[in-house]
Amino acid sequence: MTVRTRFAPSPTGYLHIGGARTAMYSYLYAKAHAGEFVLRIEDTDLERSKREYEEAQIADLKWCGIDWSEGPDCPGEFGPYRQSERTEIYQKYAEQFITEGKAYYCFLSQDELEALSEKAKSEDKSPHAYHDKYRQMDPAEAKAKVAGGAENVIRFKNPRKPYSLKDQVRGKVSWGPDMVGDFVIIRSNGQPVYNFCCVVDDWKMAISHVFRGEEHLNNTLRQLMIYEALGATPPEFGHCSLLVGEDRQKLSKRHGATSVVQYIEQGYLPSAMMNYLCLLGWSHPEEKDIFDINQLGKIFDSARFTKSGAFYDIKKLQHFNGQHLRLLAPEELLNKANQQLSSNDNWNQQDDQWKKTCLELLLEKVNLLSELPEHLEVIFNQSFNLGEAENEALAWESTPQIKAYLSSEIQKLVGSGVKSASAEDFSGWMNHIKKELGIKGKPLFMGMRVVLTGQCHGPDLKVLIPLTPLEVLGKRLA
RNA sequence: GCUCCUAUCGUCUAGCCCGGUCUAGGACACCGCCUUUUCACGGCGGUAACAGGGGUUCGAAUCCCCUUGGGAGUACCA
């Protein structure tokens with residue numbers, strides 16, 4: 001049997017990092033088993049679903065490096081891949097359930113429903129205890145009522161018996177007979193409800209393995225009932241641990257940046273993002289931490305999922321990003337940096353050789369590409385705030401000599417029409433200061449640094465100075 | 001309330017299924033040292049955990065029970 005997994009987002013917002021993670025797990029699992037991965041859009045909530053969100057989520061998924069062989073944008077033999085385009089299918093099975101006595105029409109109004117829930121609650125019963133008022137109604141009578149135009153929903157007739165499941169991550173999970181009531185499968189507007197269409201789709205699309213967040217664990221009970229009513233064999237389920245915030249609650253917008261777009265904008269690398277997310281709820285058999293998820297291959301199997309919720313730690317993500325950044329090939333790094341710095345004139349005016357040298361110099365200082373502009377300041381900044389350490393270095397008696405010498409040297413170079421100093425120029429200056437002025441050690445290095453950059457620390461001077469325009473150097477000395 | 005899930009350093013986790021090799025390993029963060037005549041990168045080292053209580057056993061992080069904590073679900077959302 002071919003392994004077929006799927007990711008089934010609702011287009012009601014941007015792709016969430018938790019969604020990206022389960023999508024990745026499903027994708028990796030399919031890849032590990034030479035299977036197929038499909039994308040299905042769950043847009044049965046007409047009010048909240050938007051086509052623009054569907055497009056955005058597809059773009060975000062692609063950015064993550066996740067690819068599918070079937071989906072709304074590349075239909076296969078199991079289509080259509082949008083639930084809003086599959087209503088007749090759901091309708092058909094709902095009607096089948098009615099004729100088989102596995103579901104029934106319910107005419108409870110919203111108000112009645114609320115009153116019934118209140119009543120159940122006050123009697124210390126489950127809220128759904130009285131939602132089955134029409135369960136025993138004569139089917140012919142109900143049908144006539146529907147034909148007469150009475151507003152109705154279709155409720156599934158709970159078999160009221162225990163169910164259990166062998167979950168790929170949780171092991172055996174079981175439920176007692178009255179955890180849920182007779183739940184709605186078709187709304188009064190004719191639209192099917194999640195638990196129903198999810199099952200018919202997973203079944204009709206021949207999905208073999210379902211990986212999703214733990215918040216769906218209890219839904220699985222309802223879904224198991226529907227599989228049974230359909231006479232279908234349920235897929236394997238794997239309910240992954242939740243991503244949580246600092247308060248240990250399910251990650252949501254109030255915890256900060258939770259959409260993958262936000263990380264795209266902040267200049268994170270997809271490889272780092274996926275690597276980090278992958279390790280939040282799964283562990284590498286060889287305890288590797290930095291890796292390319294696409295090289296995982298057969299290593300990715302469901303046995304290594306973690307059961308408890310994982311705190312989403314941006315600090316650690318940043319570390320992963322830094323690691324992946326330093327692993328990038330120079331060409332690739334240049335491309336990414338060009339994207340990140342597309343509006344930075346100082347950067348755009350330079351040639352590729354300059355940029356590459358510069359990146360090599362600055363890379364060790366950043367975890368994020370978006371930190372590059374501030375580090376570029378050490379090259380282009382013309383005014384600066386002197387701190388305590390800088391003032392101290394400027395007050396050394398040797399520093400004014402260095403400053404005077406360097407000023408005249410730079411003046412000379414400018415006069416000769418050169419735009420920047422060469423590495424030879426720089427070592428020449430250093431030798432002169434050492435030999436002719438007799439300054440060495442800390443006063444030499446720190447003196448040159450503070451006079452040329454206005455700071456006591458920063459990147460390697462002998463690489464930095466040739467990158468810096470003489471014009472800037474001149475202004476700083478003045 | 002009810003149902004389900006869950007519990008190893010501050011955080012992510014390895015180990016648990018198949019008890020002894022665990023004076024519990026790695027990573028982030030933090031601290032120190034080395035490297036760098038600066039900062040960072042890198043290297044080395046340090047602080048730091050088996051929720052509690054009962055069993056079972058010669059022996060338990062590992063098996064069983066209870067307690068406590070945390071989370072999720074309880075919709076005509078997904």
Just checking, A:K119 and A:Y130: is the charged tip under 6.0 Å from the six-membered ring centre and within 45° of the axis? yes
Donor-acceptor pair (no angle test) under 3.5 Å: A:E287 side chain, B:G25 base: yes
Under 3.5 Å side-chain donor-acceptor pair for A:N275 and A:H324: yes
Counting the atoms with a prime plus P, OP1 and OP2 as sugar-phosphate, which does A:R170 contact under 4.0 Å by heavy atoms, base, sugar-phosphate, or nothing? sugar-phosphate
When the distance from OH of A:Y14 to C1' of B:A78 is rounded to whole Å, what number comes out? 19 Å
Assess whether one donor atom and one acceptor atom, taken from the side chain of A:K316 and the base of B:C12, lie less than 3.5 Å apart. yes
B:A29 base to A:D313 side chain: any donor-acceptor pair below 3.5 Å? no
Has A:R304 got a side-chain N or O lying under 4.0 Å from the OP1 or OP2 atom of B:C12? no
Kindly say if A:K250 contacts the phosphate of B:G73, meaning a side-chain N or O under 4.0 Å from OP1 or OP2. yes
Rounded to the nearest angstrom, tell me the gap between atom CD in A:Q323 and atom P in B:A40. 16 Å
Any chance you could lay out the salt bridge (Lys or Arg N to Asp or Glu O under 4.0 Å) test for A:D460 and A:K462, step after step, and finish with the verdict? CA-CA 6 Å; A:D460 191 2; A:K462 64 178 182 296; 3.2 Å; yes
For the base of B:C2, is there a side-chain donor-acceptor partner from A:S126 under 3.5 Å away? no
Do any side-chain nitrogens or oxygens of A:T306 fall under 4.0 Å of OP1 or OP2 in B:A14? yes
For B:A78, does either OP1 or OP2 sit under 4.0 Å from a side-chain N or O belonging to A:T44? yes
Within the pair A:Q191 and B:A75, is there a side-chain N or O less than 4.0 Å away from OP1 or OP2? no
Which part of the nucleic acid, if any, lies within contact of A:H239, taking any heavy atom under 4.0 Å across all strands shown: a base, the sugar-phosphate backbone alone, or nothing? nothing
What is the distance from CZ of A:F305 to P of B:G15, rounded to the nearest Å? 14 Å
